[in-house]
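None of these values were measured; they are calculated from a predicted model. Chain letters run A, B, ... following the sequence lines, proteins first and then strands; every chain starts at 1.
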2 protein chains.
Amino acid sequence: MAIHLKKYSQIISYGVGFAVLLIIIKWLEIRFIVINYSFEIYASAIAVLFTALGIWIALKLTRPKFKIIEKEVLVTNSIDFKFNEKAFAELGLSKRELEVLQLMANGLSNQEIAEKLFVSLNTIKTHNSRLFEKMEVKRRTQAIEQAKKMSIIS
Amino acid sequence: MAIHLKKYSQIISYGVGFAVLLIIIKWLEIRFIVINYSFEIYASAIAVLFTALGIWIALKLTRPKFKIIEKEVLVTNSIDFKFNEKAFAELGLSKRELEVLQLMANGLSNQEIAEKLFVSLNTIKTHNSRLFEKMEVKRRTQAIEQAKKMSIIS
DNA sequence: AACAAAATCATCCTAAAGTATGAATGCTTT
DNA sequence: AAAGCATTCATACTTTAGGATGATTTTGTT
C-alpha cells in the first residue's frame, strides 16, 4: 500500500513540477517577447532547470534497491551426526569400550549396561576403568562430555 | 585512483554531452529561423533532452545505492546455543537447580559443584533430588541426556 | 506482616560407581 | 608356539551418588 502511494506521489510530483516549469516557460516567453532576451539565455535556463528536474526525478525514482545477503552459520546437529574417526583412533578404544561408552551416555547404569550386553557388572566396571584411563577422565559424566566434544558419540 | 578516474570521466562525459546538446540547440535555432518552428516545440525539445540528461547524470553519479539486508539463516549450533524456554518453564526448575544441572553436565562431581557454588555437599544432593524428581529421571546421566534433548542446557 | 517458594544444611542409610589386583579365555600376529 | 590384545569375570575395598526426612534461613509476593 505504502509503496503504491509513494509511486503515485512521485508521478504526481513529476506532473506538478512539469506544469510549474511549463508556466515558467510561458512566463519567460512573454518576457522574451517583451524585453527581447537573448534566445540562448532562454534555452540555457530551460536546459539548467530541466537538467535539475531530471536529476531530481532520477534520485526520487531510483530509491530502493535491495541487496539481500544471506549469512549462513554452520550446523552441528545431533541428528546428522558425524563420527570423528581420527579422534576415535587416537584414543585407541576397543569396540566393546565404545559400546559401553555409548550406553553410558544414554543414561544407563552399569548394571543396565551389563544386562544389555549379557555380561557381568564387574566386566562393565573393568571396561569403564580402561575407558576412563584412555580418555583421561575420572567419572562417567566427564567421559560423556569428552566423547561428545570429540564427536566420537552422538 | 579508480574512483578519481571515474569521477573525472563522469565530468568529462557531462561536458561532452552538454557540448553536443548546445550544438543541437544551435542547429535547432538555425532550423527554427529557416522553417519557423513553433517556439514551444523547441522549448519542449530542450526540456525533454535535458530532463533525460539530468536523469542520466543522476543515475551515473548515484551508482551504488543498495540497501544491504543481511539475512541470517537459522541453525542450532553448539556455540550459539538456543535456550528452550518453554521446556524449561514446564519443568519448573529453579535457577539454582538449573545451575547444578549445568555443572553436572560439565562432568563435575557433587563435591566439586558444592565447592564451586560455595554450599555444602548436602545442599547439592538436595538440589539433585528435586532435579531428578522434576525431570522424572533416576540418575544424573539421565538428567544430562534429557536436558540436552530438551535443549535446556548446551 | 504473613505466606509460599526457594535455598540451605544435617543425619542416616542404601545403591551405584570407581579402584586395584589377579586371572582365565579366545583371537591375532609374528 | 609365544607374545599381545580384547574380553571376560571375581573379590575386596573406597568413594560418590542418591533417597528419605526434618529443619532453618532467605527471598519474593501479596
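Using a distance-only test at 3.5 Å, with no hydrogens or angles considered, a donor-acceptor pair links the side chain of Thr126(B) to the main chain of Asn122(B). Judged by distance alone, the side chain of Glu90(B) and the main-chain N or O of Ala87(B) form no donor-acceptor pair under 3.5 Å. Ser151(B) places no side-chain N or O within donor-acceptor distance of the main-chain N or O of Ala147(B), the cut-off being under 3.5 Å.
Atom-to-atom, CD of Glu112(B) to P of dA17(D) comes out at 8 Å; the value is rounded to the nearest Å. Atom CD1 of Ile144(B) is separated from atom P of dA17(C) by 13 Å (rounded to the nearest Å). The separation between Glu115(B) atom CD and dT16(D) atom P is 10 Å, rounded to whole Å. Gln142(A) places its CD atom 10 Å from the P atom of dA17(D), with the value rounded to the nearest Å. Spacing between atom CG of Leu121(B) and atom P of dG18(D) amounts to 11 Å, rounded to whole angstrom units.
Taking the side chain to side chain contact (heavy atoms under 4.5 Å, CB included) definition, one finds that Glu97(A) meets it with Leu93(A), Ser94(A), His127(A), Arg130(A), Leu131(A), Lys134(A), sequence neighbours left out.
A pairwise comparison of heavy atoms in Asn84(A) and Ile152(A) identifies O-CG2, 3.9 Å as the closest pair.
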Show, in sequence, the C-alpha distance, side-chain angles and deciding distance for Ile144(A) and Arg139(A), and conclude whether the side-chain contact (heavy atoms from CB on, under 4.5 Å) test is met. CA-CA 9 Å; Ile144(A) 294 165; Arg139(A) 282 176 286 281; over 6 Å; no

Kindly determine whether Arg140(B) and Glu145(B) satisfy salt bridge (Lys or Arg N to Asp or Glu O under 4.0 Å), including the steps that lead there. CA-CA 9 Å; Arg140(B) 51 169 59 226; Glu145(B) 244 252 301; over 6 Å; no

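The phosphate of dT16(D) has neither OP1 nor OP2 within less than 4.0 Å of any side-chain N or O from Arg139(A). For dA17(C), the OP1/OP2 oxygens have a side-chain nitrogen or oxygen of Asn110(A) closer than 4.0 Å.
The structure places CG of Leu103(B) at 5.5 Å from CG of Leu117(B), a figure rounded to the nearest 0.5 Å.
With DNA chain C read from its 5' end, the first of the two nearest nucleotides for Val119(B) and Thr141(B) is the one closest to Val119(B).
A chain of hydrophobic side-chain contacts below 4.5 Å, direct or via other Ile, Leu, Val, Met, Phe, Trp or Tyr residues, connects Leu91(A) to Val137(A).
For the segment residues 88-99 of chain B, residues with any heavy atom less than 4.0 angstrom from an atom of DNA chain C are, sorted by number, Ser94(B), Lys95(B), Arg96(B). Of all the residues in residues 122-138 of chain B, Asn122(B), Thr123(B), Thr126(B), His127(B) reach under 4.0 Å from DNA chain C with at least one non-hydrogen atom.
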